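Down below is the structure, laid out as structure tokens.
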Amino acid sequence: MERVLQNKIANDNGGFTLVKKELIQLIDISKSFDGQMVLDELHLSIHENEFVTLLGPSGCGKTTTLRILGGFTGPDKGRVVFDGQDITQIPPNKRPLNTVFQKYALFTHMTIAENIAFGLKIKKKPKSYIDDKIRYALKLVNLDGYENRMPDSLSGGQQQRIAIARAIVNEPKVLLLDEPLGALDLKLRQEMQYELIRMKNELGITFVYVTHDQEEALTMSDTIVVMNQGYIQQIGSPESIYNEPENAFVADFIGDSNIIPAIMIEDKLVSILGTRFACVDTGFGNNRPVDVVIRPEDVILVEPSEGIIQGVVSHLIFKGVHYEMEVQACGFEWLVHSTTLFPVGKEVGIRVDPFNIQIMNKPESEDEEAVIIDI
Amino acid sequence: MKSIAKKIYIALIILFLYAPIGILMVLSFNESKTRAKWGGFTLKWYLALFQNEEILRALFNTLLIAMLSSLIATVIGTVACIAMTGMKRRAKSVMMGITNIPMLNADIVTGISLMLLYISLGIKFGMGTILLSHITFNIPYVILSVMPRMKQLNVSTYEAALDLGSSPLHAFFRVVFPDLLPGILSGFLMAFTMSLDDFIITHFTKGVGVDTLSTKIYTEIKKGIKPEMYALSSLIFVAVLTLLVLINLSPAEKKKAE
């Protein structure tokens, strides 16, 4: 429970966003499949017009959370509240939400227009209204003139956009997206990310987006919910998640990082690998073991005499925008991103600015630990 | 040289496969009543056939039973496939095994055991028992042709339909059913052919006085072979052949071929 409260506070600190109306609340949701716990007392609030991303490795419970929101899976315990109303027991066809599925799920025996009209016909909307909506939705997803094509004749990216069009014509208050870009190639994925942001702004509806791709999450979201093993690890804006990860799991999952065991000597002073570094964090107590996170681009390489600690470059890779180096110093391999080249074998000094040292509590449970993740 | 040998080989196979039916068909047009000599071309056996009321009644019975049993089996089989899809893997493979066994079972065993079942339950033999038996042996064929379609089905299309506001029933008929249709159609046609074709099981479950074409031919032949029977057999062959061609031309098969 304590974790949940911490998360809520982190959320409230989420930056300069205006206070918005809470649209969805997931309250103490638990769910297990075949005796295996997938979600454990999950607590989450989603605000109006927010782009929320549920981010985590496969099996972290993000898709289950989305399916509970959509009504396709019922929670074992807990409640789903939408706009002040308990919708836990309401079937998917009666919920004011629409879903974009991972594998498009277009109706292959219907034309594009029939696909998009599907929901509106059920609601018995007049024909002229439906036709207008189809035209509007196709324009929105940049596929005007595709009305009479069959889904099979479209590319993956186009099919995905039709799936989005089919969902938004129903004017849902919330659009749920389950790894919608997962099957697309990199270039198309990046294009679609911009498209999604544009649509979200144009439509002014709430997006709940599930992905395991941290870059995608950082690019698009207003709020990121990092999940692992059925627990929420951190809720916050992309910047706060990246710059101030709360535990080793988040730090490791979002981008590259150096996670180093350290001792908090006192407020604003931490001993990393036996050397004292100035930092900006307070309130961790005195002489307490902690973990520090330093992003590779925040490690500054200088001449040995100018550094706080000294080491030797052991690996060097050219990455295009920067060089990626590994520096052996004080018994730790530091990952460094720098635009300046330091050849392998060169002695260097290491400096880190105080505000780039992020202090974290030691993991309390397995799900907070840094893990090797294959995506 | 090699290709000529190949062609001869194939010709021989086809000759042995179809010679009996060929002879039967030729004889059905034979003016003379004996099999030994060709008395000239005639259609009189076909005419006689269509004037024979018993045979016409048997034909009617056959078609009625084939139609009803394959329709009912198609419904039951399709519903069974839907139910099996919802099962856990273990239960599903057990169920598939159970439904496949009757297909491998010898017809005579199925026939006799159905007969014994009807006797022990005190059910009166007649059209009803034939129909029940045909439904029983037809269901596995329907499952066999619908199940592969079911496996290809994308479950999220059903969920997508629900998501867009359809009721579960509407979602099934609007979205799932069209995807299953080719499998259902070929299952229906297969069941229809099987029913049309069956002799042994019908023989054991029909009771006195009711006949389908196959059992009628059998009784007639016992009394001595009449050329009308050649005509009848030829017609049955052509009918079944047409059905088989239809099954193979159905969209499901065409898609597989692609």
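A, B, ... follow the sequence lines: proteins, then strands. Residue 1 opens every chain. None of these values were measured; they are calculated from a predicted model.
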(Q) At a 4.5 Å cut-off on heavy atoms, which part of Lys103(A) comes close to chain B: side chain, backbone, both, or neither? (A) both
Q. Measuring heavy-atom distances to chain A, does Ala161(B) have an atom under 4.5 Å in its side chain, in its backbone, in both, or in neither?
A. both
Q | Heavy-atom side-chain contact between Phe72(A) and Val155(B) under 4.5 Å | A | no
Q. Does a sphere of radius 6.0 Å around CZ in Phe60(B) hold more than 12 heavy atoms from other residues, nucleotides or ligands, not counting ones at 6.0 Å or beyond?
A. no
Q) So what's closer than 4.5 Å to chain B heavy atoms on Leu120(A): side chain, backbone, both or neither? A) neither
Q. Should Asp34(A) and Lys88(B) count as side-chain neighbours, where that means a heavy-atom distance under 4.5 Å?
A. yes
Q. Is it the backbone or the side chain of Asn98(A) that comes under 4.5 Å from a heavy atom of chain B, or both, or neither?
A. both
Q: Measure distances from Leu106(A) to the heavy atoms of chain B and classify the residue's part below 4.5 Å as side chain, backbone, both or neither.
A: backbone
Q.
Counting only heavy atoms from other residues, nucleotides and ligands, does the tally under 6.0 Å from CE of Met67(B) exceed 12?
A. no
Q: Verify the neighbour count for atom OH of Tyr9(B): are there more than 12 heavy atoms of other residues, nucleotides or ligands below 6.0 Å?
A: no
Q) Which pair of non-hydrogen atoms, one from Asn93(A) and one from Ser167(B), has the smallest distance, and what is that distance? A) ND2-CA, 3.4 Å
Q.
Tell me whether the count of non-hydrogen atoms from other residues, nucleotides or ligands lying under 6.0 Å of OH in Tyr129(A) goes above 12.
A. yes
Q.
With a 6.0 Å cut-off (strictly less than), is the heavy-atom count around NZ of Lys139(A), excluding the residue itself, greater than 12?
A. no
Q: Output the distance between atom CD (Glu159(B)) and atom OG1 (Thr99(A)), rounded to the nearest 0.5 Å.
A: 8.5 Å
Q.
Take a 6.0 Å sphere around CD of Glu202(A) and say whether it holds more than 12 heavy atoms from other residues, nucleotides or ligands.
A. yes
Q: Would you indicate whether Lys77(A), at its atom NZ, is surrounded by more than 12 heavy atoms from other residues, nucleotides or ligands within a distance under 6.0 Å?
A: yes
Q. Crowded around Arg79(A) CZ? As in, over 12 foreign heavy atoms under 6.0 Å?
A. no
Q) Does some side-chain heavy atom of Asn154(B) sit less than 4.5 Å from a side-chain heavy atom of Phe101(A)? A) no
Q | Segment of Lys121(A) engaging chain B (4.5 angstrom heavy-atom cut-off) | A | neither
Q) Where is the tightest heavy-atom contact between His109(A) and Val175(B), given as atom of each residue plus distance? A) CE1-O, 3.7 Å
Q: Compare all side-chain heavy atoms of Pro178(B) with those of Thr108(A) and state whether any distance is below 4.5 angstrom.
A: no
(Q) Can you give me the closest heavy-atom contact between Asn170(A) and Leu164(B), atom names plus distance? (A) ND2-CD2, 3.2 Å
